[in-house]
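One structure below.
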2 protein chains.
Amino acid sequence: MEYKTEQEFLKSYNPDDYDRMAVVNDILLLSISNVEKENYRKLDEKCFSILLVKRDTFPFKDKWCLPGGFLNVKLGLEENARDILARETNLHNIFLEQLYTFGAVNRDPRMRVVSTAYMALIDKNQLKEQLNKNAEWFNIKMQETGDLITVQLNSSKQDLNFVVQKILKESTTDKYEYKIVENDYLAFDHPEIIIAGIDRFRNKILYTDIVFNIMPPIFTLSELQQVFEIALNKKLLVTAFRRIVADKVVKTKQIQTGGGHRPSVMYKYEKS
Amino acid sequence: MEYKTEQEFLKSYNPDDYDRMAVVNDILLLSISNVEKENYRKLDEKCFSILLVKRDTFPFKDKWCLPGGFLNVKLGLEENARDILARETNLHNIFLEQLYTFGAVNRDPRMRVVSTAYMALIDKNQLKEQLNKNAEWFNIKMQETGDLITVQLNSSKQDLNFVVQKILKESTTDKYEYKIVENDYLAFDHPEIIIAGIDRFRNKILYTDIVFNIMPPIFTLSELQQVFEIALNKKLLVTAFRRIVADKVVKTKQIQTGGGHRPSVMYKYEKS
DNA sequence: TGAATAGTGTCTGTGAGACAATATTAT
DNA sequence: ATAATATTGTCTCACAGACACTATTCA
């Protein structure tokens, strides 16, 4: 069939002539938790935490998953992700970055579903609004042994864990694929999304200002250093660390006391 | 309606209850061209080049676009991208990296289409196979003035150009959006994809080994430096450059002569 | 008072920038 | 011989790693 004009062509175009697929957004909501220490002098330990939602419908009923939802045909991709986030958490205007698009053939048992995952960063302590009743924050502990990554997720309600294998993609030197080796609690391929997101955060913390999206408006340099340390998974020397962030933060007049030791000056982020 | 088991739920699940959308892959095929110099002693200049295809069907009939196609429901996302590439270029086993997923509401006049763009790197001089008759390599010249990026595409058949505006995304310090300001020749939002791909290559050239995917198997260090210089859009000092790549390349026994000057040793890539 | 963190000073070695010097070729 | 690029040497300066030292708090 031949068309003379674009209008004519579009008029006769029928989407139903093609295979059915769906597009969804899944959102990795990343924050920092404090794990309180017994000793009043010691600093709280910190760790990453993520928001998971317990599914009360099929598929994967009773398993946990990232907040997500189908793409509304009237919304742009990121707009749709923000919409989902607002529904699940009542959060607005937060940092959102497209992470990766997952499109394995059988990642969803219902039909062919392509998921564009987003990473959102917040300081969950600022979160005043009530969470959805099925939503829950989980603290993350990760352990890497060889090419296996073991992840433990702890919350007041339940503890979950999974294991993924990190595989260097063929013909690359810096791209990894994550294959799920063990996973009894999470729905879909969400373990992969979680790992990919934490990896992205880790990779960007040194050469961007991404970290300040996960921090409160004002913070001490020790707190900031702790976040760097859990992201990079190693201890940093104080001097070196302060040099890294020196031109990204400015002193405020506030001081944090109460720790049984010299109080710290609080800083805020300032673009250089 | 209540379901007892996942099987029962899936059996009654009807994809047609939801809005129609399509998923496509578009592929930015990036290579390097030599622009020959008049003086036999001088080095050839190099520039990026990309493969575009002239559309012979609606929509955007007679405009140029990136090689792309609908997602086959039986293929994974990357697998589908490789399939498209094989169809358009007869190329197999080449470097392919997911670039970004574009999902603006009206990016395709036919229906809601989400495009996961991939970046492919090759040395097009190695390309022995015949290209599709509508496909053509275009040399790229980019110029940045303020927040405007002017792009000129030259081929033996036709010259194209477009202008995009680079906009820092709100609440970020390192993410840009590209708004098309002027574009008479390219279909869809493909100017954005082109810019995003070149940007990705530029950003990764310093901290990954991505560049070797666009190089021939053996090359001189001057050639490699030229590629760095067009990617980074600045001259590099020889000494500094050689230090950067020193642990990524090894000498071969081959020597390149014929340039009216001291011949160069040819090197090959070796993972460090 | 002492255990703990906050914050600053400084030495040293590495590595990037800058530039100079030498090598080799085709015309 | 000359114009061009190829390749190596080396000086300097900035900066990161390492570590020491001082400051300050509260049970």
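Numbers restart at 1 for each chain; the letters A, B, ... are given by sequence-line order, proteins then strands.
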Do any N or O atoms of the protein come closer than 3.5 Å to N or O atoms of nucleotides 3-5 of chain D, and which pairs are they?
from: D:dA3; atom 1: N3; to: B:R41; atom 2: NH1; distance (Å): 2.3

Side chain of A:P263 - closest among D:dT25, C:dT8, C:dT25: D:dT25
Where at least one partner belongs to residues 148-163 of chain A, residue pairs that pass salt bridge (Lys or Arg N to Asp or Glu O under 4.0 Å), sequence neighbours excluded: A:E136-A:K157
Considering only residues two or more places apart or on different chains, which pairs with a residue in residues 259-270 of chain A satisfy salt bridge (Lys or Arg N to Asp or Glu O under 4.0 Å)? none
All pairs passing ring-ring contact (aromatic ring centres under 6.0 Å, His included) where residues 240-268 of chain B contributes a residue, at least two apart: B:F228-B:F241
Given atom CD of A:Q256 and atom C1' of D:dT24, what is their separation to the nearest angstrom? 14 Å
Tell me, please, which residues at least two apart from A:W137 pass ring pair (Phe, Tyr, Trp, His ring centres under 6.0 Å). none
The ring pair (Phe, Tyr, Trp, His ring centres under 6.0 Å) partners of B:F102 (sequence neighbours excluded) come to B:Y100
Measure from the side-chain N and O atoms of A:S31 to the backbone N and O of A:I122, and report whether any donor-acceptor pair falls under 3.5 Å. yes
Between atom CD in A:Q226 and atom P in C:dA4, what is the gap in whole Å? 16 Å
Whole-Å distance separating the NZ atom of A:K235 from the C1' atom of D:dC19: 17 Å
Sugar-phosphate, base or nothing in reach of A:V265, heavy atoms under 4.0 Å: sugar-phosphate
Residues forming a side-chain hydrogen bond (donor to acceptor under 3.5 Å, both in side chains) with B:D199, sequence neighbours excluded: B:Y178
Roughly, in whole Å, what's the span from CG in A:L206 to P in D:dG17? 10 Å
Are any protein N/O atoms closer than 3.5 Å to N/O atoms in nucleotides 11-18 of chain C? If there are, list each pair with its distance.
from: C:dG17; atom 1: N7; to: B:R243; atom 2: NH2; distance (Å): 2.6

Rounded distance [0.5 Å steps], CD1 in B:I27 versus CG in B:L99: 11.5 Å
Does anything in residues 205-215 of chain B pair up under salt bridge (Lys or Arg N to Asp or Glu O under 4.0 Å), and if so which pairs, sequence neighbours excluded? B:D209-B:K248
Rounded to whole Å, please give me the gap between CG in A:L224 and C1' in C:dA6. 14 Å
Nearest-Å distance for atom pair CZ/C1', residues B:F219 and D:dA6: 16 Å
